[in-house]
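In listed order, ligands and their atoms are each counted from 1. For this chain, numbers begin at 1 and follow the sequence in order.
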Amino acid sequence: MSVVAQSAPSKTFRAGAFGNARVLVCRECSHEVDLGPHYACPECFGPLEVAYDFPQVTREEIEAGPANIWRYKALLPVPSDIEQSPNMEPGFTRLLKADNLGRELGIDNLWVKDDSTNPTNSFKDRVVACALSAARELGAKVFACPSTGNLANAVAAAGARAGIKTVVFIPSNLEQPKQVNSAVFTDRLVAVNGNYDDVNKLASEIAGEEEGWAFVNVNVRPFYAEGSKTLGYEIAEQLGWRLPDQIVIPVASGSQLTKVDKSFQELIKLGLVEDKPYRVYGAQATGCSPVSVAYKGATDAIRPVKPDTIAKSLAIGNPADGIYVLDVCRRTGGAVEDISDDEVRAGIVLLARTEGIFTETAGGTTVGVLKKLVETGQLDTTLETVVINTGHGLKTLDAVSDRVSAAATIEPTYSAFTAANLV
Ligand SMILES: Cc1ncc(COP(=O)(O)O)c(C=O)c1O
Ligand SMILES: [Zn+2]
């Protein structure tokens, strides 16, 4: 069995290979396709996503599960014995009450969902765990991705643990720590001379040519994307089975934001949380802000851009799910906003100094946008708000290395210390 091109006939998989998933459904025309390595609708080329026949799921069953994303396995396209296969066991990261940051920004009730503590220090471990399960069930021989950095780290590590060959593709100008964080797990890190959109195009071409390759965010994208739902499930569970009023999420391809919304809708339908309004906000860096530009222009037409920002993990100039981000943010009464690279840097330092959390440029973008949403009156400061930190600052040290440094360099004597007048 192999992961093959779109047009191949559907294959049969072992019973329960995809858990309670029923079918793949087109987001544009609702056409249904059998579960398999498909990602584009054969009728209209729209993106496919996983649809389910959920059983009755209770809070108690979930709470009795492991302290990782598999506590939600009944709501994911994975087999019921998923924990038996070697994987990175991501998720169930901290939801921290951020009173200091809240006070600084004038927000009464603020939380940080800190996904930088995942096994490879970004939320990508969640999506990769679901993609790995699909790759395994589809009989893939190579586990691969085009990446802006964090995804490559997560794929390379998960592949090493699962004992499957990995090939990860990145733009060659990527931050050095992100390159090392992949190369340490795989000897097949491929640096491509081009931006992420060039790398992505190359990956699609390889996926069409080669047999047996599971590109996590290309030909198994519908399964991969479902992993981001666990962020939303966890936030609701950690708030005491309640949805927040407002949530701020970074946007690159836009997949994460749309899946957090999907998770909230599912929890409501399953009766696991009370149905209530919530607002979803998207965060971009101005140097790569095609979704924010479309939002502000009140249009659905997202014009691809050539990224030019220090927020390289968010540097996708032609976002696959951008249009659905617009849908979600408009439908829920949220917004999409963008900030300058200087504001991204300031966002990193602000989160670090107020909450002791070192975020990467994506988190700096999200915190900076949160600040701007308050300053521009787009966010209600009296409502319960969650901001997601999706990655770790140790991967993007250069972003702040000229903003923060030793306060003084002194001789090892008490008199030198007092002379420096530090406290
Ligand atoms: C740290 C971090 N945050 C957020 C994102 C955005 O994710 P998405 O492409 O699902 O919008 C990425 C994507 O690479 C990322 O690396
Ligand atoms: Zn369709």
Side-chain angles (χ1 to χ4, degrees), residues 6 24-33 38-49 113-118 120-128 131 145-155 168 170-171 174-175 178 181-182 196-197 199-200 216-217 221 224-229 231-232 248-262 280 282-285 288-292 307 309 311-322 324-325 328-329 336 344 348 359-367 369 387-396 399:
Q6 279 303 116
L24 297 174
V25 60
C26 175
R27 287 170 80 160
E28 291 298 324
C29 76
S30 301
H31 179 76
E32 294 190 352
V33 176
H38 315 297
Y39 58 103
C41 173
E43 297 292 320
C44 75
F45 300 108
L48 298 174
E49 78 170 335
K113 176 65 172 168
D114 185 14
D115 242 26
S116 68
T117 60
N118 271 312
T120 69
N121 303 105
S122 88
F123 89 99
K124 294 288 186 185
D125 290 312
R126 298 174 182 273
V127 278
V128 167
C145 67
S147 171
T148 58
N150 284 308
L151 183 59
N153 299 169
V155 165
V168 298
I170 53 161
L174 203 60
E175 299 99 334
K178 284 195 180 140
N181 263 300
S182 289
Y196 173 79
D197 299 285
V199 180
N200 191 34
V216 302
N217 50 345
R221 188 175 179 86
Y224 152 96
E226 292 295 289
S228 281
K229 294 191 308 184
L231 264 165
V248 188
I249 306 173
V251 172
S253 74
S255 174
Q256 182 190 19
L257 184 145
T258 60
K259 295 305 171 187
V260 169
D261 173 62
K262 186 179 182 188
V280 181
Q284 297 206 295
C288 183
S289 52
V291 187
S292 176
T309 170
K312 293 201 162 86
S313 52
L314 302 181
I316 296 184
N318 189 10
D321 291 300
Y324 305 112
V325 169
V328 169
C329 295
V336 190
V344 172
I348 294 174
T359 184
E360 70 140 79
T361 48
T365 304
T366 315
V367 170
V369 161
V387 61
I388 301 183
N389 171 31
T390 50
H392 203 293
L394 286 173
K395 295 194 198 185
T396 61

Sidechain N-carboxylate O distance under 4.0 Å for Lys262, Glu226: yes
Between Asn200 and Asp197: side-chain donor-acceptor atoms closer than 3.5 Å: no
Ser116: side-chain contact (heavy atoms from CB on, under 4.5 Å) partners, not counting sequence neighbours: Asp114, Asn389, His392
Pair Ser182, Asn153: side-chain N/O donor-acceptor within cut-off below 3.5 Å: yes
Short N-O contact, Asp321 and Lys259, less than 4.0 angstrom: no
Salt bridge (charged side-chain N to carboxylate O under 4.0 Å, His left out) between Lys312 and Glu175, intermediate numbers included: CA-CA 8 Å; Lys312 293 201 162 86; Glu175 299 99 334; 5.2 Å; no
Set of residues that line ligand 1, where lining means a heavy atom lies under 4.0 Å from it: Phe123, Lys124, Thr148, Asn150, Pro250, Val251, Ala252, Ser253, Gly254, Ser255, Gln256, Ser313, Leu314, Glu360, Ala362, Thr390
Side-chain donor or acceptor of Thr366 paired with backbone N/O of Ala362 under 3.5 Å: yes
Residues in side-chain contact (heavy atoms from CB on, under 4.5 Å) contact with Glu28, at least two apart in sequence or another chain: Cys26, Cys44, Pro47, Tyr324
Any donor-acceptor N or O pair under 3.5 Å, side chains Glu360, Ser313: yes
Cut-off under 2.8 Å, centre the Zn ion (ligand 2), protein N/O/S atoms: Cys26 SG, Cys29 SG, Cys41 SG, Cys44 SG
